Colleague: 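I am attaching a structure below and will ask some questions about it afterwards.
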There are 2 protein chains.
Amino acid sequence: MKLSANEEYGLRCLVRLGYEGEGGSLTIPEISHAEGVSPALAAKILRVLRKAGFVKAARGKEGGYALARPPEAIVIGEVMEVLGGRLFESSFCDTHSGQAAICTRSVDCSVRSLWRAVQVAVDQVLSKATLRDLLQNEEEMNSWVRAISDRSGLRLLQ
Amino acid sequence: MKLSANEEYGLRCLVRLGYEGEGGSLTIPEISHAEGVSPALAAKILRVLRKAGFVKAARGKEGGYALARPPEAIVIGEVMEVLGGRLFESSFCDTHSGQAAICTRSVDCSVRSLWRAVQVAVDQVLSKATLRDLLQNEEEMNSWVRAISDRSGLRLLQ
DNA sequence: GCTAATCTGTACTTCTTAGTCAAGATTACC
DNA sequence: GGTAATCTTGACTAAGAAGTACAGATTAGC
């Protein structure tokens with residue numbers, strides 16, 4: 001259970017674009033330099049974000065990338081899913097075709113229940129966060145984490 | 001953010017051994033058949049679990065694998081860490097050396113805060129679960145999920 | 001129209017993870 | 001001691017993810 005490079009870099013590119021504010025845009029070389037990723041890789045990941053509708057691209061001179069929606073309309077959970085897929089894709093137990101609520105083998109079921117619980121816990125955090133939240137400065141970021149912490153009962157701050 | 005094959009298969013092998021109860025043991029062919037994994041792969045993963053102290057092996061005729069501790073002493077979070085590492089290993093931002101609480105680039109910091117929040121949410125689930133929990137039958141499994149749900153405020157049941 | 005800056009797409013290489021194989025070491029049982 | 005069942009180890013292959021390269025298409029500005 002690791003973050004993929006796609007997720008790490010992709011989210012950073014989005015945040016970087018977000019910093020440019022309303023209508024601001026950046027070129028691939030600018031983004032790649034700011035985030036310390038190679039231009040080729042940044043281009044590859046930005047293409048994924050474009051196809052998913054999070055950013056838009058302008059070609060030609062004076063072109064570049066910009067957010068396709070306001071930051072508060074970009075839910076991090078959706079971004080993460082596009083960049084890295086779902087945690088639990090039911091790959092193992094699909095002899096039982098994923099539809100059945102109850103597996104015949106209880107081993108499968110208890111393990112799947114666990115994965116589901118983890119998936120839900122992750123979603124609770126990621127579906128509450130928007131790009132807007134990530135654009136706030138340090139203090140505001142902390143207060144956001146604290147808010148989720150309070151709402152959910154999780155102790156997210158150490 | 002995906003489950004690795006190691007995590008999926010490794011946990012299943014553990015659960016399978018747990019079903020054998022106190023002192024019960026299974027051979028690699030038995031485990032591999034029960035879980036639908038190739039013997040060679042099961043052997044590879046069981047080796048990891050043995051080195052980490054979760055299971056013990058007996059060689060020779062009548063040999064096999066057994067749990068090295070009682071199921072309630074096997075915390076799933078620890079198992080998962082051995083099998084798949086941590087979610088967030090600070091790979092990107094280690095120019096800032098991981099020690100500093102505050103990155104100089106706020107992009108780094110907001111993204112890292114998010115990863116930390118996700119990591120903590122996952123840990124809240126996995127560090128509460130032991131192998132004993134996974135060995136219960138369907139109803140008990142559900143009540144365990146419900147208990148965590150209540151305690152943590154997460155809605156883990158849909 | 002020409003040029004330079006920019007994204008687009010595909011193909012390629014490299015690295016890590018997943019999965020296989022075979023020879024060796026150990027043990028219970030006769 | 002011999003034999004068969006079992007784990008152990010390391011090397012090997014296959015598949016997927018990460019990262020690179022380059023030729024092509026598009027556009028602003030002159």
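Every chain is numbered from 1, with letters handed out A, B, ... down the list of sequences. Since the structure is predicted, the reported quantities are computational estimates derived from the model, not experimental observations.
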Colleague: Does B/L114 reach the side chain of A/D133, with side-chain heavy atoms less than 4.5 Å apart?
Modeller: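 Side chain of B/L114 against side chain of A/D133, heavy atoms only: no contact under 4.5 Å found.
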Colleague: For B/E72, enumerate each residue passing the salt bridge (Lys or Arg N to Asp or Glu O under 4.0 Å) test, keeping only those at least two apart in sequence or located in another chain.
Modeller: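 By the salt bridge (Lys or Arg N to Asp or Glu O under 4.0 Å) rule, B/E72 matches B/R132.
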Colleague: From CD of A/E8 over to P of D/dA17, roughly how many Å is that when rounded to an integer?
Modeller: 18 Å
Colleague: Output all residues satisfying side chain to side chain contact (heavy atoms under 4.5 Å, CB included) with B/V79, sequence neighbours left out; order by chain, then residue number.
Modeller: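 Checked B/V79 against side chain to side chain contact (heavy atoms under 4.5 Å, CB included); matches are B/L11, B/L14, B/L49, B/F54, B/I74, B/L83.
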Colleague: Between C1' on D/dA17 and OH on A/Y9, what's the gap in Å once rounded to a whole number?
Modeller: 12 Å
Colleague: If I compare all heavy atoms of A/L46 with all of A/I28, which pair ends up nearest, and what's the gap?
Modeller: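 Minimum heavy-atom separation between A/L46 and A/I28: CD1-CG1, 4.1 Å.
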Colleague: Hey, which of B/V37, B/L26, B/V55, B/I31 is the one that makes side-chain contact (heavy atoms from CB on, under 4.5 Å) with B/C13?
Modeller: B/I31
Colleague: What is the 5' to 3' range of DNA chain C, first to last nucleotide, that sits under 4.0 Å from any heavy atom of chain A?
Modeller: C/dA5 to C/dT10
Colleague: Quick one: what's the B/S/- string for nucleotides 1-9 of chain D, heavy-atom cutoff under 4.0 Å, read 5' to 3'?
Modeller: ----BBBSB
Colleague: Not counting sequence neighbours, which residues clear side-chain hydrogen bond (donor to acceptor under 3.5 Å, both in side chains) with B/D123? List them please.
Modeller: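 Only B/R86, B/Q119 meet the side-chain hydrogen bond (donor to acceptor under 3.5 Å, both in side chains) criterion with B/D123.
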Colleague: Run the side chain to side chain contact (heavy atoms under 4.5 Å, CB included) test against B/A57 and tell me which residues pass, sequence neighbours left out.
Modeller: B/R50, B/Y65
Colleague: For the pair made of CD1 in A/I45 and P in D/dT20, what is the distance, rounded to whole Å?
Modeller: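 Between P of D/dT20 and CD1 of A/I45: 11 Å.
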Colleague: Test B/V75 against B/L126 for side-chain contact (heavy atoms from CB on, under 4.5 Å), laying out the working first.
Modeller: CA-CA 8 Å; B/V75 177; B/L126 293 183; over 6 Å; no
